[in-house]
Amino acid sequence: MCKNGINLTQFKLSIHQLSNFAETIERSIEQWSELTSSLGLKSLSESLQEAKINAETLKKLLERSISVADDAEASDEGVSITPL
């Protein structure tokens, strides 16, 4: 459905893909953090752990955006068509 000039279905799909990408980034960072920790690079590993937390936060925020888009899609304001 198009609302205020945006196709919410396409938007949610795009955000879902970004969320999956954030999850991939999170896993990759975790793997690098574990490797650097095992090599004795403590400060680098800690820095990567902080980045992992930020990736987790990004994924949660993206998922929340999908929920907000669901709410916008379900609202009773009707459908608007943007003229070309």
Quick check on the hydrophobic clustering: are I6 and L18 connected, directly or via other members, by side-chain heavy-atom contacts under 4.5 Å? yes
Should I53 and L44 be counted in the same cluster of Ile, Leu, Val, Met, Phe, Trp and Tyr side chains packed under 4.5 Å apart? no
List the atom pairs, donor and acceptor, that lie under 3.5 Å between side-chain atoms in residues 61-71 and the rest of the protein, sequence neighbours left out.
| from | atom 1 | to | atom 2 | distance (Å) |
| --- | --- | --- | --- | --- |
| E63 | OE2 | K59 | NZ | 2.7 |
| S65 | OG | L61 | O | 3.1 |
| D70 | OD1 | K12 | NZ | 2.6 |

Atom NZ in K60, atom CG in L58: separation rounded to 0.5 Å? 11.5 Å
Sort and list the pairs that fulfil salt bridge (charged side-chain N to carboxylate O under 4.0 Å, His left out) and have at least one residue in residues 34-45, not counting sequence neighbours. K42-E46
Taking distance alone, no hydrogens or angles, what donor-acceptor pairs closer than 3.5 Å link side-chain atoms of residues 24-33 to residues at least two apart or in another chain?
| from | atom 1 | to | atom 2 | distance (Å) |
| --- | --- | --- | --- | --- |
| T24 | OG1 | N20 | O | 3.1 |
| R27 | NH1 | E23 | OE2 | 3.3 |
| S33 | OG | S45 | O | 3.2 |
| S33 | OG | S45 | OG | 3.0 |
| S33 | OG | Q49 | NE2 | 2.8 |

Under the side chain to side chain contact (heavy atoms under 4.5 Å, CB included) test against Q10, which residue among L13, N7, L8 passes? N7
